[in-house]
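Proteins come first, then strands; the chains are lettered A, B, ... in the order of their sequence lines, and each starts at number 1.
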Number of protein chains: 2
Amino acid sequence: MARPPRYDETQLLDAAVRLAAAAGPTAVTMTAVAKEVGAPSGSVYHRFPQRPALLAELWLRTVERFQAGWLAALAAPGDPVAAAAAAARHVVAWSRLNPREAAVLLYGPDDYGRADWPAGAAERAARGTAQVRAALAGLTGRLGGADPEAVTLALVDLPLAVVRRHLRAGAPLPPGAERLAGLAATRLLAPGADTGA
Amino acid sequence: MARPPRYDETQLLDAAVRLAAAAGPTAVTMTAVAKEVGAPSGSVYHRFPQRPALLAELWLRTVERFQAGWLAALAAPGDPVAAAAAAARHVVAWSRLNPREAAVLLYGPDDYGRADWPAGAAERAARGTAQVRAALAGLTGRLGGADPEAVTLALVDLPLAVVRRHLRAGAPLPPGAERLAGLAATRLLAPGADTGA
DNA sequence: CATGTAATCGAGAGTACTCTCCAGAATATT
DNA sequence: AATATTCTGGAGAGTACTCTCGATTACATG
């Protein structure tokens, strides 16, 4: 018994992703989102009571979509080094398929105003990072005493580094990017040489 | 024959670095810089006619300080892999010594409003990146046909990745960070396995 | 068709920032 | 001491954005 929505949450968040990818988190103003979808600003406030709520949802939706595939890639049984390489390659492959969402992730939650997020959002973010931490710890164990710093680097930060400059420039990823990320992860975690302590 | 300056450029830029490191480029407003040094806003405009001029100088001064040491580390004669590792380690060591300036570099020039920079600034930035590109090309040659993508990754993006999450969190770098960056660069560029093409 | 409900629409108040302008203050030189 | 010169200090106009609020619209149900 109600008027049907004309601008739904998904539509507004998609617009926010475009804005953030093009010009960074600060470009995601309520006014800009409204203009992007052709709505008056009041309609945006109907979905998201304040700007921090929109930014939180923008960040969380994106990061959760990303993590789902990453965790799946990492969960592959068998050789842990191969699983690590698969996860590293996944980061690049996902970025290639979703360049705008990947560009969102090049910034950190603080850049999306985490300090002002509504109550539930902080916990949702914590759950996500806890999952990632657990997965990293699990792999560290399977690798038999590797440096946790090296593991985090190989599986998360390094593949993002492969992708970063291209995404920032709005350029397509080079053909060998997945392979480079996988190779770097493999070499970094391969047994036989100590990875520090 | 003039009144002595009370707020000089260096002082204002140092304040800008603190603000940018603490809360990102957008926190560097003219008002905030003025408040940080205890001056009225007019005094800031006396040194920098517009905000983009201040942001440009903030970026360029920081990046040039960084590049000087990096280029020196890379220029070491002898084994190119060792030179690469030295450059990678340098990135981490410099970040450890200058965490606030390093935090500035975690963002890109676009985040500092490059599109609005005054005339000379764009050229200064271009000169810097040209030097870096030349150095990277030189090392690629000395390595004998390595993948340029891999070289850039090993010497620049990867060490920044080692350092990024800690700097963003405002946390000190872990003790083994230099070693990890050097190790990763060495393994990535070591001869004997193909690095893609 | 009448009614209830959720959504839209847009004007406008409040706030923060950029930038202008100019009177006055502090020095070096003559 | 007078003068020229550079800088400070602060008020205020213009602009962009956040958020509020009430009137209005469109649909589902009985």
Query raised in the report: Taking for each residue the nucleotide of DNA chain C bearing the nearest heavy atom, is the 5' side occupied by Pro52(B) or by Pro4(B)?
Result: Pro52(B)
Report summary line: Contact check, residues 30-42 of chain B vs DNA chain C, heavy-atom distance under 4.0 Å, returns Met30(B), Thr31(B), Ser41(B)
Between [X] and [Y], does at least one N-O distance fall below 4.0 Å, as a salt bridge requires?
X: Asp157(B); Y: Arg164(A); answer: no
X: Arg179(A); Y: Asp147(B); answer: no
X: Glu57(A); Y: Arg124(A); answer: yes
X: Glu101(B); Y: Arg18(B); answer: no

Requested in this report: Would you confirm whether Trp59(A), through its side chain, and Arg114(A), through its main-chain N or O, come within 3.5 Å as a donor-acceptor pair?
Outcome: no
**Report entry** Those residues that, when tested against Arg47(A), pass salt bridge (Lys or Arg N to Asp or Glu O under 4.0 Å) (two or more places apart)
**Finding:** none
Determine: side-chain N/O of [X] to OP1/OP2 of [N], distance under 4.0 Å, yes or no.
X: Arg6(B); N: dT6(D); answer: no
X: Tyr45(A); N: dC21(D); answer: no
X: Arg51(A); N: dT18(D); answer: yes

Query raised in the report: Taking the nucleotide of DNA chain D with the closest heavy atom to each, which residue, Ser43(B) or Val28(A), is nearer the 5' end?
Result: Ser43(B)
Report task. Between Pro5(B) and Gln50(A), just flag the one whose closest nucleotide in DNA chain D comes earlier from the 5' side. Result -> Pro5(B)
If I take atom [atom1] in residue [X] and atom [atom2] in nucleotide [N], what distance separates them, rounded to the nearest angstrom?
X: His46(B); N: dG10(D); atom1: NE2; atom2: C1'; result: 15 Å
X: Asp116(B); N: dT18(C); atom1: CG; atom2: P; result: 13 Å
X: Glu9(A); N: dA7(C); atom1: CD; atom2: C1'; result: 15 Å
X: Arg47(B); N: dC19(C); atom1: CZ; atom2: P; result: 18 Å
X: Leu54(B); N: dC17(C); atom1: CG; atom2: C1'; result: 14 Å

Query raised in the report: Got a second to check how far Glu178(B)'s CD is from Ser95(B)'s OG, nearest 0.5 Å?
Result: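 Between Glu178(B) CD and Ser95(B) OG, I get 9.0 Å after rounding to 0.5 Å.
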